[in-house]
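Right, one structure below, let's go through it.
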Number of protein chains: 2
Amino acid sequence: MRHRDLPPLAAIRVFEAAARHASFTRAAEELGMTQAAVSYQIKLLEERLGAPLFLRRPRTVELTPTGRQLAPATSEALDLLASAFAAARKDAGSVLTVSVLPTFAAHWLAPRMGRFQMKHPEIAVRITATRAVVDFRREDADVAIRSGLGEWEGLTVHPLFPVAFAPMLSPKLLERHGPLTSPADLLDMLLIDPGDRWWCLWFAAMGIEGFEPAGHPDARMGDQHLEARAAMGGHGVAILTPGFYRQEVEIGLLAQPFPAISETGQNYFLVYPAARRNVPKVRAFRDWLLDELEADEQTRDKA
Amino acid sequence: MRHRDLPPLAAIRVFEAAARHASFTRAAEELGMTQAAVSYQIKLLEERLGAPLFLRRPRTVELTPTGRQLAPATSEALDLLASAFAAARKDAGSVLTVSVLPTFAAHWLAPRMGRFQMKHPEIAVRITATRAVVDFRREDADVAIRSGLGEWEGLTVHPLFPVAFAPMLSPKLLERHGPLTSPADLLDMLLIDPGDRWWCLWFAAMGIEGFEPAGHPDARMGDQHLEARAAMGGHGVAILTPGFYRQEVEIGLLAQPFPAISETGQNYFLVYPAARRNVPKVRAFRDWLLDELEADEQTRDKA
DNA sequence: CAGCATGCATAAGGTCAGCTTATGCCGGAG
DNA sequence: CTCCGGCATAAGCTGACCTTATGCATGCTG
C-alpha cells in the first residue's frame, strides 16, 4: 500500500506546539524540553519540507503562509490521536478479563466476585472459566488463576493456597460424634463420596492401611461444592480443599480436625504478565484478591 | 493549554502499519526497517498503553479489541498529516518569491522573466523589488538578487556580473561619428544625462581631467533604462551597466567602445539560503538564471 | 539613551532510544 | 517429520536528539 512520506513525527509534534504558542520557548515548556531543542526540530522540519514555517521576527516568531496552512491539520491530527489513545486506554482499563480454573471459579471466586464489583464499579469483569492453561500471548486475558508450581517466566505470581485436601465436617456432627483423636476414627463415620481418590490418598498419607472405598455407602456427589454443602448440613465427612472453605470454618459451618495433604505440592496462583503489573485494573484485582485472601487468613487465625 | 499524553509517535506509526498489514514483517518492509524493530515498537506501545494491541497467533498476529478500536483513528490521523504535508510541500513549491533590487528587476530580470514562466508553468512567481537587503530569516523570500561583495554567511552565492558602468551608444551613431580612439573623443559627443555621477567617475578613471557636467546639455532621464533606450535610438552616448545590455550589444543595438569601471568592486549576486539549495523551485530558478546569463555571455563571445 | 530583559540561533558534546544482527521458538504445511 | 514462515528476545552499536552554554538582535525601561 501507500508509502507515506511523512516528516519525522517528533518534529511535527514540536511544530504543532510551537505554532499553537507562536513561541519556541513556550512550546519547549509545554513539551518539557529546552528552547534549543525546539529550534532544532523546527529547523529540521523546515529543511525536510523545503520551506520555512516560521518567520523569525524580533522577540517573536510568526507562521509563514505555509506554516499557517499546516498548523490546523497537525493540531487536528494530534488531537485525533490523543483522544483515540485516551479512549483506548479508558476502554482497555474498563474490562477486566479473568481466566480461571472452573473449580476455583465455583468454589472461591464466584462467591466473592460481587464484592469486587461493588468496590470497583468502573471495571466490568469477564470471567472465562477454562481448564486450559491460559497463554497471555494468544488469549485476551488480563489475569488468570492457575494451579501449578508457580514457576512461570515473565509472569508475576502470587500464591493463594495449596491444592490440597483434608476431611471436613460440620462442627455439630463433630460434637454429636465426640472428639476425633486419630484419623482412623473417621472410618466409623459416614464419608461423603468415599470413592473419591482423595480419601484413598489421604488415609494412606495418614498411615492408615485398611481403607476400602467399596466398604462405604456411595455418597458421591461429583462436585466438591455439593459435598461441602452436604458436610455443612451434618450429613457426613467430606474431603475438601481447605483453602476454599476458610470462611466456613471461621463462621462455624465446617471444621477440619486433621491436617491437609497436598498430592503434588501444587498451589493455586494468581498470575499476570509482569509487564502489566501496574495497569490499574490489574492492580485493582490483585489488591482486592490478596485482601480477600488475607481476610480468609485472619478469620482463621482468630478462630 | 492541554498537555497531550501521547505515546511515542514513532511507535504509533509502526502500529498503524502493522495493523494495516496484520503482519509485523510486512509492516517492517513498508517502513524500511526490520521485523525486530516493529516487534520492539509494538511492545513498547502496548506497555505504554497498558493493554495488548495484538494477539500473537501462530503465523499471524491479530488485533485485540483495543487494537481494532485504535487502528482506524491512527490511520486517519496519519493520512491527515500526510496529506497536509503533501499539500504544504506542493503549495510551498509552487510559489517562488524573488526579492530583487529595483534596478536589476527593471533592467535585467523583468524582460527575461517571461521565459522562466514559460519554462516552469507550475511555478508562480512573486517579485518583490526592494532596495532593502532581504534577510531570509524574517522575510518570506526564496531567492534574492543583491549587489555587494558576495560574502554572506549561510547563503549560496552566484556572481552574475559587476556593478560597473561604461559609455555605450548605438552602433549607427558610432558609424556616423567615426571610430572612437580615445575616451576623450566622447567629450565631443552628446552625452545622455551628463550630470550623472558615473560620467564624472568614468572620465576620471580614464585619466581625463577636463570633464565638466555643466558644459553639456542636460539630457538626464533619471533612469538607466530610459537612457539606454535613448542611446539605442542613436540620441547620444549613455553611461550604462554593461551587464544589463549584453544582448543588446549582441544584436547590434548598442556598442561599448571603452572598458567598464566598477566603482566599488561590487557584483550582482543571486543568493539563497544554502540549506534550501535543493528545493526544486529554487534550483529551477537558479538553473534558469545561470542559463540566461550564459546565453548573454555566449552572444557576447560570438560577437 | 544606556542597560537590561527577552527570545531565537548555534556550537559542542553526551546519552539513550531505537535500530540491526543473530538466534530461538512455535506451529502448520508439505 | 521436517521445513518454513512469522514473531520474540538478546546483545550491541550508533546517530538522532537533547542539553548546556553562549551569542546576537531588539524592544523596553528608568
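Here is how names work: the chains are called A, B, and so on, in the same order as the sequence lines, proteins then strands, and each is numbered from 1.
- If you take CG of B/Leu9 and P of C/dG18, they are 11 Å apart, rounded to a whole angstrom.
- Looking at heavy atoms from C-beta onward, B/Arg283 lies out of side-chain contact with B/Trp288 at the 4.5 angstrom threshold.
- Between B/Ser23 and A/Ala37, the residue whose closest nucleotide on DNA chain D is further toward the 5' end is B/Ser23.
- B/Arg56 has its CZ atom 12 Å from the C1' atom of D/dG6, to the nearest Å.
- Atom NZ in A/Lys43 sits about 11 Å away from atom C1' in C/dA11, given to the nearest Å.
- In this model, the phosphate group of D/dT19 is approached by a side-chain N or O of A/Thr34 to a distance below 4.0 Å at OP1 or OP2.
- Taking atom CE on A/Met33 and atom C1' on C/dG14, their separation rounds to 17 Å, with Å as the unit.
- Among the protein residues, B/Tyr40 comes within range of the nucleic acid bases, having at least one heavy atom under 4.0 Å from a base atom.
- Within the nucleic acid shown, A/Thr25 comes within 4.0 Å of sugar-phosphate atoms alone, with no base atom in reach, counting heavy atoms only.
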Extract from the structure each pairing of a protein N or O with an N or O of nucleotides 21-30 of chain D at less than 3.5 Å, listing the distance.
unit_1, atom_1, unit_2, atom_2, d
D/dT26, OP1, B/Arg138, NH1, 2.7

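- Mapping A/Val14 and B/Thr60 onto DNA chain D by nearest heavy atom places B/Thr60 closer to the 5' end of the strand.
- By the side-chain contact (heavy atoms from CB on, under 4.5 Å) test, A/Asp291 pairs with A/Lys119, sequence neighbours left out.
- B/Arg286 and B/Tyr272 share a side-chain donor-acceptor pair at under 3.5 Å.
- Protein atom CZ of A/Arg137 is 7 Å distant from nucleotide atom P of D/dA8, rounded to whole Å.
- Whole-Å rounding puts the B/Gln41 CD to D/dA8 C1' distance at 15 Å.
- Counting non-hydrogen atoms under 4.0 angstrom, A/Val38 reaches nothing in the nucleic acid.
- Note on A/Arg276 versus B/Glu46: no salt bridge recorded, every NZ/NE/NH1/NH2 to OD/OE distance being 4.0 Å or above.
- The CG-C1' distance, from A/Leu44 to C/dC8, rounds to 17 Å in whole Å.
- Distance from the side chain of A/Val61 is smallest for C/dC8 among the nucleotides D/dA8, C/dC8, C/dC19.
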